[in-house]
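So the structure is just underneath, and the comments pick up after that.
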Amino acid sequence: MRLKTPREIALMREAGLVVTEALEAVKAIAVPGATTAQFNDAVAEVFARHGATPLFLGYPNPTKGKPPFPAMICASVNEQVVHGVPNHRPLREGDIVSVDTGCRVNGWCGDAAITVAIGPVAPEIQRLLDVTNETLHLAIRAMERCARWSEVAYLMERYVKGQGMFVVEQFVGHGIGQAMHEEPQVPNFVNRALRQNDFRLEPGLVIAVEPMVGLGTKEVVVLDDGWTVVTKDRRPSAHFEHTVAMTPEGPQILTPRAD
Ligand code: MG
């Protein structure tokens with residue numbers, strides 16, 4: 001893994017701000033009757049206006065023989081955890097949609113995700129969103145005082161479990177820079193692999209922190225399209241992500257938003 005210079009981090013913030021604007025454009029149209037295809041169009045418009053290159057469109061499928069990713073956003077509805085494909089089905093009041101997107105600007109990448117509520121949602125669903133977003137933010141706050149990532153991951157896992165929810169383990173955060181996915185892997189829980197591949201939280205480190213939380217299970221299944229990941233129990237899950245840089249002044253969110 002390669003640490004970034006202050007100038008490189010400043011360039012990554014430019015990409016991150018475009019990602020922020022794209023997600024804000026989605027939030028503005030996230031109402032009953034809207035479609036995730038419309039979300040994708042809104043993001044495409046923002047990227048085009050900034051001359052940003054989408055990172056997800058054409059991304060190779062991890063399953064051999066399956067098609068590359070066909071859109072600029074992942075849109076994962078309700079029981080879908082991540083990597084959902086946008087479509088033309090109207091969203092209904094009470095749905096939640098995890099929207100993940102990334103772009104490259106002047107050679108540097110930004111990546112972020114939010115889960116939006118479509119109209120009012122059930123109290124337990126709202127709590128799922130609140131817990132998942134808080135898991136992300138407690139991690140970023142902890143990066144200020146923790147020396148190594150495993151200490152942060154431990155806090156994330158402990159918090160989610162304490163809320164009676166489940167950290168999805170199949171997918172993890174990642175280093176990010178000129179490529180969207182760089183070393184290291186950034187899990188939201190502690191296991192032996194993390195203890196062996198732990199890393200220091202030092203200035204120049206830039207990572208995408210992205211907890212995924214399930215209401216009923218951490219077990220997930222990939223659907224036949226080779227992309228869409230759903231919870232095994234088909235209960236809802238949420239996903240929030242920021243690109244975060246470690247600086248001498250502490251962690252800085254490169255994809256800042258108003259939540
Ligand atoms: Mg990511």
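For ligands, and for the atoms within them, numbers begin at 1 and follow the listed sequence. This is a predicted model, so every value here is computed, not measured.
- Put simply, His181 stays out of reach of the Mg ion (ligand 1), with no N, O or S atom under 2.8 Å from it.
- Its N, O or S atom nearest to the Mg ion (ligand 1) is what matters here, and for Asp111 that atom is OD2.
- For Glu241, the N, O or S atom closest to the Mg ion (ligand 1) goes by the atom name OE2.
- In terms of heavy atoms, Gly33 sits closest to Pro90 at O-CB, 3.8 Å.
- A salt bridge is defined here as a Lys NZ or Arg NE, NH1 or NH2 lying under 4.0 Å from an Asp or Glu carboxylate O, and Arg104 with Glu14 fails to meet this definition.
- Panel note: side chain Thr35, backbone His88; no donor-acceptor pair is recorded below 3.5 Å.
- Side-chain polar atoms of Ser98 and Ser76 form no donor-acceptor pair below 3.5 angstrom.
- When the N, O or S atoms of Glu210 are ranked by distance to the Mg ion (ligand 1), OE2 comes first.
- Pairing each heavy atom of Arg200 with each of Leu205, the nearest pair is O-CD2, 3.9 Å.
- As for His174, its N/O/S atom nearest the Mg ion (ligand 1) is the one called NE2.
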